[in-house]
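The next block holds one structure in the form of structure tokens; read it before the comments.
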Amino acid sequence: MESDKLRVASTRAELSTALTSRSATAATVALVPTMGALHDGHAALFDEARRRTEFVVASIFVNPLQFAPTEDLARYPRTLADDLALCAQHGVDLVFAPVVEEMYPGGEPEVTVEPGPVGAILEGATRPGHFRGVLTVVAKLLNLVRADVAVFGEKDYQQLVLIRRMVHDLSLPVEIVGAPTVRHSDGLALSSRNRYLSPEQRVAALALSRALRAGRAAGPTGSVGVLIAAGDVLAAQGIDVDYLALRSTDLTTDASAADATTGEARLLVAARIGATRLIDNVAVTVGSGVELPAMS
Ligand code: AMP
């Protein structure tokens, strides 16, 4: 998969030139938006994009619009040389790595994309304005790259749901593809923020994926059982939980309100391990919680 043809554009003009001059056989374009500090989770998205299209664009942009003033914008890891090497290894054709002024000439945009009610819960409740920033930059990137396909990770499940919703509600001409979360062999979801963790904190962080596995395993017992099983794991580890929630797969409804909820749902968790905030989620099939009489 080694690529000897990786191009890098840092301005919109360079991006436009690179897109125009791509090979005539590269009819469709896929975009994988990232904030850099790339790891194998991002690489899986590049591979998925490569499987679907002839021309893969990765964007690397730490978007100030989605960070609150108190968050980690200034110290967010920036590792461009390593990022470019990973992109080349995974067959990315073009990297778009603009500076802030290139994306937001004239400062913060006045017109932005409002995420609606699903943007106000879970991550949105803790991080007001976060999804407005995410959707606004993704809409801009989709337009600049003129992407036919865009690939996002289920790791940021709420983000994926909101991007699908934006594309639907605004009739954007792009196909959104979700890719499964890539994990370390011990279960921890790969994240650019894992590098903030001390060795002890990394061990503590395993409680998140363990809790999600316990919740998923308790699916047949019903939604209350799922939340108890997952919550018990987090409590036993003394984890500082921001939220643990069981929602419908489109996130519009609380799937734990009644134990009668059955079917596919999503179990989501956010927690602070020291100063680092981590998120994770998993699909859960929720049973009725009611023991059926044995068939005679
Ligand atoms: P980020 O650079 O953190 O903004 O993430 C860029 C894209 O990579 C998003 O679509 C994320 O959901 C995705 N991503 C991040 N971590 C993982 C992972 N462990 N597995 C799969 N996708 C991921």
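As a basis for the values below, the full set of heavy atoms in this structure was taken, side chains included, without hydrogen atoms, waters or symmetry mates. Just so you know, these numbers come straight off a predicted model, no measurement behind them. Both counts, for ligands and for their atoms, begin at 1 and track the order of listing.
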Would Arg22 and Asp93 count as a salt bridge (Lys or Arg N to Asp or Glu O under 4.0 Å) here? Give the steps. CA-CA 9 Å; Arg22 73 181 189 271; Asp93 297 284; over 6 Å; no

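Taken from NZ in Lys140 to CZ in Phe61, the straight-line distance is 8.5 Å, to the nearest 0.5 Å. With rounding to the nearest 0.5 angstrom, the CD1 atom of Ile176 is 14.5 Å from the CZ atom of Arg165.
Looking from atom 10 (O) of ligand 1 to the surrounding protein, the closest heavy atom is Gly153 N, 2.9 Å. The protein heavy atom nearest to atom 12 (O) of ligand 1 is Asp156 OD2, 2.7 Å.
The aromatic rings of His90 and Phe46 sit tilted relative to each other, their planes meeting at an angle between 30° and 60°.
In this structure, Thr28 and Val149 have side chains that are not in contact, with every pair of non-hydrogen atoms separated by 4.5 Å or more.
Heavy-atom proximity to atom 9 (C) of ligand 1, evaluated over Glu154, Lys155, Gln159, is greatest for Gln159. For atom 19 (N) of ligand 1, the nearest non-hydrogen atom from the set Leu188, Leu38, Val32, Leu190 comes from Leu190. Proximity annotation for atom 7 (C) of ligand 1: of Val138, Val182, Leu45, Leu45 comes nearest, heavy atoms only.
Considering backbone and side-chain N/O of His42, one or more are found under 3.5 Å from N/O of ligand 1. Between Ala179 and ligand 1, no pair of N/O atoms sits closer than 3.5 Å. Checked by distance only, ligand 1 and Met35 come closer than 3.5 Å through their nitrogen or oxygen atoms.
A cation-pi geometry, defined here as NZ or CZ lying under 6.0 Å from the six-membered ring centre and within 45° of its normal, holds between Arg75 and Tyr196.
Taking 4.0 Å as the cut-off, Pro33 counts as a neighbour of ligand 1 on heavy-atom distance. The closest approach between a heavy atom of His39 and any atom of ligand 1 is below 4.0 Å.
Checking side-chain atoms of Arg132 against main-chain N and O of Pro115 turns up no donor-acceptor pair under 3.5 Å.
Of the listed residues (Arg266, Lys155, Arg183), just one forms a salt bridge (Lys or Arg N to Asp or Glu O under 4.0 Å) with Asp280, and that residue is Arg183.
Taking every non-hydrogen atom of Thr34 and a distance limit under 4.0 Å, the qualifying atoms of ligand 1 come out as 2 (O), 6 (C). Close contacts between ligand 1 and Phe152 involve ligand atoms 10 (O) [criterion: under 4.0 Å to a heavy atom].
With a heavy-atom cut-off of 4.0 Å, Pro180 touches ligand 1 through its backbone alone.
There is a side-chain donor-acceptor pair under 3.5 Å between Arg7 and Ser21.
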